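The structure appears right after this line, and notes come after that.
The shown structure was predicted, so the numbers you read here are calculated from the model rather than taken from an experiment. Every heavy atom of this structure was used, including side-chain atoms; hydrogens, water molecules and symmetry mates were not. Atoms within each ligand, like the ligands themselves, are counted from 1 in listed order.
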Amino acid sequence: MITAPQVDSLNLVLPSEPLLMMGAGPVPIPHSVAQANSIVINHLGDTMAKVIHQMKEMARYVFQTESRWILGVAGPGSAAMEMSVANLVYPGTRVLCVCNGYFGKRFADMSTRLGGVVETLNVPDGEAAQVAAVREHLERFKPEVLTIAQGETSSTVFNRHLPQITRMAAEYGCYVIVDAVCTLSTMPLEMDNWKIDAVVSGGQKGLSSIPGVSLIAFSERAWDRINSRPAAPPHWCLDAKLAENFWHNASYHYTAPVSGILALHEALHLVCKETLEARFERHLRCSLGLQRGIEAMGLSLFAPAESRLNSVVGINVPDGIKGADICKQISLKYRVEIAGSFGLNIVRIGQMGEQCREHNLFRTLHALGSTMKDLGADVDVASGVAELERGLQHSISA
Ligand SMILES: *Cc1c(COP(=O)(O)O)cnc(C)c1O
């Protein structure tokens with residue numbers, strides 16, 4: 001018989017004081033979301049049916065859609081991404097994947113595995129996708145499905161022209177899938193007005209819930225395509241028609257992640273109470289204040305202002321310092337977690353959900369500046385913190 005291993009208990013593994021999660025996700029969760037996440041209820045029955053009914057109602061508000069076809073998935077944002085393509089793409093489907101970085105490429109990889117005929121539109125580093133470039137691909141390649149991220153977390157790029165691109169693609173009869181994992185509820189997204197056929201999100205970013213339960217919305221038009229597929233999708237767990245059993249017919253698909261669903265219900269409830277308008281304003285004010293503070297310290301931002309994502313801020317790593325050392329030091333000494341990156345020489349600070357609170361901004365900016373100084377960079381921490389304060393005050397009075 002194999003004997004039981006001797007391992008440390010969790011309280012010895014976890015840091016003695018929780019770290020402030022200011023990276024590219026997961027983000028801090030409100031206390032009421034954590035409480036909801038500690039509850040287990042029956043995955044079927046009247047209580048769950050009511051929870052799901054309310055979640056769909058709240059999700060329609062957050063996605064700005066009147067479509068009935070809101071579904072959840074037990075899985076990360078990537079599972080929602082995969083659910084969107086697994087149901088809309090089948091062997092031979094032409095898919096255009098707009099790539100501003102890592103997550104754009106992930107859609108291309110997923111679509112290829114599904115037998116799609118995939119073309120990628122690789123946007124140069126740091127730039128937003130241009131309408132004319134997308135139009136050229138629509139004309140020539142005639143994709144049936146287009147994928148694009150509203151905010152590309154990996155390169156901290158914002159696809160500013162998203163509404164023009166999605167509406168144009170719709171005119172070409174193309175089904176448009178938008179990855180809003182990091183942007184949902186942090187900045188405007190109007191699924192119906194912008195003619196989007198599928199929006200995917202994750203729990204642990206803009207919505208400030210836990211990782212592992214994600215939401216997806218399909219348009220009526222997308223749902224018709226799903227109903228007329230030549231064959232069922234290859235992934236049983238991600239089959240939208242089977243997910244309909246749980247999300248629309250109060251019956252069984254797989255055992256739903258009940259605690260995570262309750263957490264997400266609470267997170268959506270907080271968004272509805274705050275209202276999208278107030279939430280967008282809070283995110284903008286905090287992120288712009290943080291950006292001003294970072295620059296006033298003497299550091300530079302990666303993405304130019306016109307394509308800069310406010311939900312995740314990318315900071316160029318100063319010469320002579322390693323990004324990994326910054327992340328390690330700021331965590332050890334200041335108990336703040338920020339993110340490195342995949343390939344680019346930047347570190348990233350998230351501005352999603354609970355990360356956009358003034359007390360978190362001051363602590364993070366101070367920690368970032370002090371860490372850079374500890375590592376030998378020439379930064380002026382006090383000027384940065386003062387500029388953050390001015391930035392926050394300025395936009396309150398503006
Ligand atoms: C984080 C992220 C994903 C993937 O989400 P996971 O929960 O890590 O699978 C996809 N797209 C974007 C834009 C993201 O920020």
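- Minimum heavy-atom separation, S208 to P30: O-CD, 3.4 Å.
- Every atom of ligand 1 is numbered from 1 in the order shown, and the set under 4.0 Å from a heavy atom of D179 is 10 (C), 11 (N), 12 (C), 13 (C).
- Ligand-side atoms of ligand 1 in range of T153: 12 (C), 13 (C), 14 (C), 15 (O), range being under 4.0 angstrom from any heavy atom.
- The ligand atoms of ligand 1 that sit less than 4.0 angstrom from a heavy atom of P76 are 6 (P), 7 (O), 9 (O).
- At the top of the distance list for atom 2 (C) of ligand 1, counting protein heavy atoms only, stands K205 NZ, 2.5 Å.
- Ligand 1 places these atoms under 4.0 Å from at least one heavy atom of C182: 15 (O).
- When only non-hydrogen protein atoms are considered, atom 6 (P) of ligand 1 lies nearest to G77 N, 3.5 Å.
- Residues C182 and M352 have side chains in contact (heavy-atom distance under 4.5 Å, counting atoms from C-beta outward).
- Remark: ligand 1 atoms within the under-4.0 Å shell around heavy atoms of Q204 are 6 (P), 7 (O), 8 (O).
- Using a 4.0 angstrom heavy-atom cutoff, G151 counts as in contact with ligand 1.
- Protein heavy atom at the shortest distance from atom 9 (O) of ligand 1 is S78 OG, 2.5 Å.
- Counting the atoms of ligand 1 from 1 in the order shown, those under 4.0 Å from a heavy atom of M81 are 10 (C).
- Between K142 and E119 there is no salt bridge, since no side-chain nitrogen of the basic residue lies less than 4.0 Å from a carboxylate oxygen of the acidic one.
- In this structure, S307 and R160 have side chains that are not in contact, with every pair of non-hydrogen atoms separated by 4.5 Å or more.
- Ring geometry for W69 versus W223: interplanar angle under 30°, hence parallel rather than tilted (30 to 60°).
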Test side chain to side chain donor-acceptor pair (under 3.5 Å) applied to T371 and Q329, step by step: CA-CA 6 Å; T371 299; Q329 172 83 357; 5.7 Å; no
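- Between L71 atom CG and H248 atom NE2 the span is 5.0 Å, to the nearest 0.5 Å.
- The nearest protein atom to atom 3 (C) of ligand 1, hydrogens excluded, is given as F103 CE2, 3.4 Å; this is a heavy-atom distance.
- Classification of R113 and D109 as a salt-bridged pair holds, one side-chain N sitting under 4.0 Å from a carboxylate O.
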